[in-house]
A.B. asks: 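I have a structure I would like to understand better, so I am pasting it below and will then ask my questions one at a time.
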Amino acid sequence: MKRISIIIATYNRADLLAETLESLAAHLQDARGCEVADVIVVNNNSSDATAEVATGFGARIPALKVVLETNQGLSYARNRGIEEATGDLIVFLDDDVDLGPDWLLRLVQPFADDEKVAATGSRVLPHGTGALPDWLPRQYAYLASVFDPADRQCEVESVMGASFAIRKVDAQRFGMFNVALGRKGGKLLGGEEIELFKKLRDAGMKVVFVPESVVFHKIQSKLNRDYIRDYAYWLGVSEALIDRKLYGRAKHFLKCVRSVFFPRTVYALKRMNDHSEAAEMLFVIRRQYARGYLNSQTEMQALNG
């Protein structure tokens with residue numbers, strides 16, 4: 001098994017970070033079959049007690065490093081973590097999760113089984129016993145940071161950022177994370193993982209979902225309509241930027257027709273015959289995604305001043 005670096009990027013969530021590091025410390029005591037080279041907490045300009053909380057776990061987590069990244073944004077923080085990492089495999093972990101049994105071993109095992117595997121991702125379930133609300137369409141559960149697409153290991157287009165692994169050499173070879181994408185403070189801009197996964201797949205490599213590797217995501221603050229609407233909008237912004245960068249203006253225009261205008265019309269017609277809360281939210285999500293996709297350049301100009 002290759003040496004592993006675990007990277008946790010964090011911003012102003014000291015209490016949640018403490019719980020995640022507590023879960024990680026307990027997990028690493030019995031992480032059979034895994035050689036952890038280092039655990040890197042990247043403090044992305046937090047103004048709370050993040051630095052003190054992270055440093056306090058130094059005695060319990062082997063090879064813990066706490067670094068400050070002053071460039072604001074998740075992509076900057078993740079790239080800094082890659083630069084600091086000494087392992088062959090990079091595991092990214094959110095700062096608001098608890099870990100299931102054998103989480104790490106299961107997540108990295110496919111790299112040893114198949115040399116074409118470039119990235120793997122965990123099953124991401126809601127923390128606690130609360131179910132997802134009936135108004136949230138099942139196919140859009142990922143907007144609430146839940147990811148459970150299959151019952152068996154399989155290739156997927158992308159996995160969730162809450163818990164995923166990638167070979168360090170591949171992350172570096174494909175340009176790491178696009179700093180124009182990814183969370184920036186309170187803005188729900190994303191897509192930095194999606195862009196990287198697209199590059200990997202375009203190169204003939206595999207992105208694999210590993211359901212045996214489980215994390216429990218603390219998503220209570222995300223289970224509201226306003227958050228889902230906002231996330232859908234910024235997902236549209238993010239994916240428009242990715243499509244233009246990777247595939248050019250022609251494909252971007254075709255997606256506007258195929259994935260924005262046409263589905264928006266279809267869902268509007270379906271809504272006329274289905275008045276359930278889930279159908280209403282499905283229409284809202286598609287509308288918000290379309291608005292974000294079409295407004296992407298304007299939004300980025302505003303973000304970049």
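Counting begins at 1 with the first residue of the sequence.
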A.B. asks: Inspect the contact between Glu277 and Arg225 and indicate whether a charged nitrogen and a carboxylate oxygen are less than 4.0 angstrom apart.
C.D. replies: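 Salt bridge flag = yes for Glu277 with Arg225.
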
A.B. asks: Would you call Arg229 and Asp226 a salt bridge, taking side-chain N to carboxylate O under 4.0 Å as the test?
C.D. replies: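 Asp226 and Arg229: salt-bridged.
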
A.B. asks: Output every pair passing salt bridge (Lys or Arg N to Asp or Glu O under 4.0 Å) with a member in residues 206-216, not counting sequence neighbours, ordered by first then second residue.
C.D. replies: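 Checked against salt bridge (Lys or Arg N to Asp or Glu O under 4.0 Å) - neighbours excluded - the pairs reaching residues 206-216 are Asp114-Lys206.
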
A.B. asks: Is any side-chain heavy atom of Leu93 closer than 4.5 Å to one of Leu99?
C.D. replies: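 Counting from C-beta outward, Leu99 and Leu93 do come under 4.5 Å.
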
A.B. asks: Might you point out which heavy atoms bring Ser122 and Ser213 nearest each other, and give the distance in Å?
C.D. replies: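 Minimum heavy-atom contact is OG-OG, 2.8 Å.
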
A.B. asks: Taking the inter-plane angle between the rings of Tyr142 and Tyr140 on a 0 to 90° scale, is it parallel (under 30°), tilted (30 to 60°) or perpendicular (over 60°)?
C.D. replies: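 Tilted, since the angle between the ring planes falls between 30° and 60°.
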
A.B. asks: Would Asp88 and Arg3 pass as an ion pair if we require N to O under 4.0 Å?
C.D. replies: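 Result for this pair is no, no salt bridge flagged.
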
A.B. asks: Parallel, tilted or perpendicular for His27 and Trp103, by the 30°/60° rule?
C.D. replies: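 Perpendicular, since the angle between the ring planes exceeds 60°.
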
A.B. asks: What residues form a salt bridge (charged side-chain N to carboxylate O under 4.0 Å, His left out) with Asp102, not counting sequence neighbours?
C.D. replies: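 In terms of salt bridge (charged side-chain N to carboxylate O under 4.0 Å, His left out), with neighbours along the sequence ignored, Asp102 is linked to Arg32.
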
A.B. asks: Determine, stepwise, if the pair Ser5 / Asp38 fulfils side-chain hydrogen bond (donor to acceptor under 3.5 Å, both in side chains).
C.D. replies: CA-CA 5 Å; Ser5 291; Asp38 39 38; 2.4 Å; yes

A.B. asks: Looking at side-chain heavy atoms only, is the closest gap between Val124 and Val146 below 4.5 Å?
C.D. replies: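 Val124 vs Val146: side chains apart.
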
A.B. asks: If only atom types and distance count, is the side chain of Arg291 paired as donor or acceptor with the main-chain N or O of Tyr233 below 3.5 Å?
C.D. replies: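 Absent.
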
A.B. asks: Verify whether one side chain among Gln109 and Arg106 offers a donor that lies under 3.5 Å from an acceptor in the other.
C.D. replies: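 On atom types as modelled, these side chains do not qualify, holding no pair under 3.5 Å.
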
A.B. asks: Would the number of heavy atoms belonging to other residues, nucleotides or ligands and lying under 6.0 Å from CD of Glu83 be above 12?
C.D. replies: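 Enclosed: over 12 neighbouring heavy atoms sit under 6.0 Å from CD of Glu83.
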
A.B. asks: Taking all non-hydrogen atoms of both residues, which atom of Cys34 and which atom of Ile4 are closest, and how far apart?
C.D. replies: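 Taking Cys34 first and Ile4 second, the nearest heavy atoms are CB-CD1, 3.9 Å.
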
A.B. asks: Is the closest side-chain heavy-atom distance between Gln72 and Asn44 below 4.5 Å?
C.D. replies: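 They are in side-chain contact.
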
A.B. asks: With side chains defined as the heavy atoms from C-beta onward, is the minimum distance between Leu104 and Leu28 less than 4.5 Å?
C.D. replies: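 The answer is yes, as the side chains (C-beta and beyond) meet within the 4.5 Å cut-off.
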
A.B. asks: Looking at residues at least two apart in the chain, or sitting in another chain, which of them share a side chain to side chain donor-acceptor pair (under 3.5 Å) with Gln153?
C.D. replies: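 Partners of Gln153 under the side chain to side chain donor-acceptor pair (under 3.5 Å) test: none.
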
A.B. asks: With sequence neighbours excluded, tell me which residues meet side chain to side chain donor-acceptor pair (under 3.5 Å) with Glu22.
C.D. replies: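 Listed in chain order: Arg60.
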
A.B. asks: Between CG of Leu24 and CD1 of Ile6, what distance do you get to the nearest 0.5 Å?
C.D. replies: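 Between atom CG of Leu24 and atom CD1 of Ile6 there are 5.0 Å.
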
A.B. asks: Heavy-atom count check: over 12 atoms from other residues, nucleotides or ligands less than 6.0 Å from Asn71 CG?
C.D. replies: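 Enclosed: over 12 neighbouring heavy atoms sit under 6.0 Å from CG of Asn71.
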
A.B. asks: Can you name the salt bridge (charged side-chain N to carboxylate O under 4.0 Å, His left out) partners of Asp98, sequence neighbours left out?
C.D. replies: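 Asp98 satisfies salt bridge (charged side-chain N to carboxylate O under 4.0 Å, His left out) with Lys218 only.
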
A.B. asks: Mind checking what makes side chain to side chain donor-acceptor pair (under 3.5 Å) contact with Asp134, not counting sequence neighbours?
C.D. replies: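 In terms of side chain to side chain donor-acceptor pair (under 3.5 Å), with neighbours along the sequence ignored, Asp134 is linked to no residue.
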
